[in-house]
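Shown next, in structure tokens, is the structure this report addresses.
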Amino acid sequence: MSPHSLLDWTTLALTPGIGPQRFLQLLQRFGDAGHVLRAGHGQLRDILDGKTLAALDAGDGARAADAALRWAEGADCHLLTLNDDDYPCQLAEAGSAPPLLFARGRRALLAQPMLAVVGSRHATPQGADNARTFAQRLAAHGYSIVSGLAGGIDAAAHEGALPEAASTIAVIGTGIDRVYPARNRELAHRIAGHGLILSEFALGTPPLAGHFPQRNRIIAGLARGCLVVEAAPQSGSLITARLALEAGRDVMAIPGSIHNPQARGCHRLIRDGARLVESADDVLDEIGRLPSAAVTAAAATPAAGDAAAHPLLAAIGYDPVDSDTLAARLKLTAGELYAMLLELELAGHIESLDGGRYQRRSPAPSRPT
């Protein structure tokens, strides 16, 4: 695309009120973005409302486009259009495919097969461990892990996949020059360095609530499948799963404790037909193994250490449990119990939760050889 055509395309795409569907309607009517921008109100009124026409006249899109093109001059900063050869085919086929994406980092990752890993912002320690472990193993098999850079499951999935060659792609609901939530700033910088960040929003766009469901459709559109690790019944990750189903993608969910409210969304998905998965192998059986990658038995099954036989771990089981219950199960005094809890927590085998409860942690994933 010539620089002038890119400017016209970017101007139209970033004009408030245009959106992906109107953008495509306009292109079908006028042939290219430049003809749209030079058209009169009479030619545009049956597609654009008065507010959008006013934004065109005011030059809102032109100013956003100038800023975007200056941003794209930076290292590893790219503007990706629907006309580009490396625009992901699966996303392009969606009726609401964004006409313009800001991309920062390794643009080549767009050619990788991708898997969405999503879930609750309020993840349990076990849920975060599962997201990290599954993401690492699936990225080791060659799948780029796509998520939304939110707290909880999203952040854990990005962390797990980031060291692998297939790495991770973060699709965000703000301008690409902003990080939300702010506590993920350091993670975002690492993803920009070794993975890829994508946004359809103009520079400076704040974290507005309505933008995150829009972000979710891109996550669903990019990936071959969607794995939900933990989700409350009203979780936004269920929107991603629904969009993935509507796009014909495989949807999978990890089951959890019946006492964990963050597992209820996963259980609902499983009841509605999502594949129940307990390991990375289960996921690969569903979405397909890549010919260039293989996983060893050691990577698929964590080795059991001596801690697995600890009587306190057996007493905790796999659900969160309070200290009074543990003391009763093991017939220990409070002092004896807390000494054992401290030992296992310092060793990383358990995690303390709110309300004086404790939960086992998953073993650290073994790396493929």
Side-chain angles (χ1 to χ4, degrees), residues 1 6-23 33 51-52 54-56 58-82 84 86-88 91 94 96-107 109-110 116 118 121 146-151 154-155 158 168-222 236 239-240:
M1 185 178 289
L6 178 60
L7 175 60
D8 288 341
W9 184 288
T10 305
T11 298
L12 185 61
L14 295 179
T15 296
I18 295 291
Q21 293 178 333
R22 283 178 168 176
F23 187 96
K51 187 175 180 180
T52 305
L56 269 175
D60 293 349
R63 285 188 291 275
D66 286 340
L69 291 170
R70 288 196 301 273
W71 173 86
E73 294 172 0
D76 295 323
C77 295
H78 316 276
L79 294 178
L80 185 72
T81 78
L82 264 171
D84 290 331
D86 58 346
Y87 193 100
L91 182 59
S96 59
L100 181 76
L101 284 169
F102 293 78
R104 186 177 177 199
R106 294 169 56 197
R107 184 168 173 165
L109 289 180
L110 294 170
V118 297
R121 288 176 168 83
V146 185
S147 200
L149 198 62
D154 287 17
H158 290 308
T168 188
I169 298 172
V171 185
I172 62 176
T174 65
I176 203 164
D177 56 338
R178 302 189 64 163
V179 176
Y180 178 82
R183 65 178 177 275
N184 283 349
R185 188 175 304 279
E186 191 269 337
L187 175 59
H189 287 315
R190 286 193 286 134
I191 295 173
H194 188 62
L196 184 68
I197 301 178
L198 295 176
S199 173
E200 67 178 316
F201 299 107
L203 297 172
T205 300
L208 302 177
H211 288 173
F212 293 95
Q214 287 182 246
R215 178 270 316 268
N216 292 347
R217 87 186 193 287
I218 299 177
I219 295 174
L222 284 169
I239 297 175
T240 309

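Just so it is clear, the model here is predicted, and its values are computed rather than measured.
- Scanning all heavy atoms of the two residues, the minimum distance from Pro206 to Thr174 falls at C-CG2, 4.0 Å.
- Distance OG1/Thr168 to CZ/Arg106: 10.5 Å, rounded to 0.5 Å.
- Here the side chain of Arg22 pairs a donor or acceptor atom with the backbone of Gly17 at under 3.5 angstrom.
- For the pair Val118 and Asn216, the minimum side-chain heavy-atom distance is 4.5 Å or more.
- When side chains are defined from C-beta on, Arg178 does not count as touching Phe201, because their heavy atoms never get closer than 4.5 Å.
- Looking at Val179 and Leu187, their side chains never come closer than 4.5 Å, going by heavy atoms from C-beta outward.
- One distance of note links NE2 of His189 with CD1 of Ile197; it measures 8.5 Å at 0.5 Å rounding.
- Residues Asn184 and Asp154 are not in side-chain contact: their nearest non-hydrogen atoms beyond the backbone lie 4.5 Å or more apart.
- Of all non-hydrogen atoms in Leu196 and Gly105, the two that sit nearest each other are CD1-C, 3.8 Å.
- The nearest pair of heavy atoms linking Ala62 to Thr11 is N-CG2, 3.5 Å.
- Between His158 atom NE2 and Ile169 atom CD1 the span is 10.0 Å, to the nearest 0.5 Å.
- To the nearest 0.5 angstrom, Ile219 atom CD1 is 11.0 Å from Ile172 atom CD1.
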Enumerate, atom names and distances included, each donor-acceptor pair closer than 3.5 Å involving a side-chain atom of residues 69-78, sequence neighbours excluded.
none

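- Across all their heavy atoms, Pro16 and Ala55 have their closest contact at O-CB, 4.0 Å.
- Under a cutoff of 6.0 Å and an axis angle of 45°, Arg215 and Tyr180 do not form a cation-pi pair.
- Side-chain contact between Ile176 and Leu203 is present, with heavy atoms from C-beta onward closer than 4.5 Å.
- The closest side-chain heavy-atom distance from Arg104 to Ser199 is not below 4.5 Å.
- Remark: Glu186 pairs with Arg190 by the side-chain hydrogen bond (donor to acceptor under 3.5 Å, both in side chains) rule, at least two apart or across chains.
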_Could you go through Leu79 and Phe102, starting from their C-alpha distance and side-chain angles, then the distance that decides it, and tell me whether this counts as side-chain contact (heavy atoms from CB on, under 4.5 Å)?_
CA-CA 5 Å; Leu79 294 178; Phe102 293 78; 3.6 Å; yes

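- Across every non-hydrogen atom of Gly173 and His211, the tightest pair is O-CB, 3.4 Å.
- Residues Trp9 and Leu82 form a side-chain contact, since some pair of their non-hydrogen atoms from C-beta on lies under 4.5 Å apart.
- A pairwise comparison of heavy atoms in Ala58 and Arg63 identifies O-NH1, 3.0 Å as the closest pair.
- Side chains of Tyr87 and Pro99 form no contact here, defined as non-hydrogen atoms less than 4.5 Å apart.
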*Please lay out, stage by stage, how Leu110 and Leu198 fare under the test side-chain contact (heavy atoms from CB on, under 4.5 Å).*
CA-CA 10 Å; Leu110 294 170; Leu198 295 176; 4.2 Å; yes

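- Between the CD1 atom in Ile191 and the CG atom in Leu109 there is a gap of 11.0 Å [rounded to 0.5 Å].
- How far CG of Leu149 is from CZ of Arg185: 10.5 Å, rounded to the nearest 0.5 Å.
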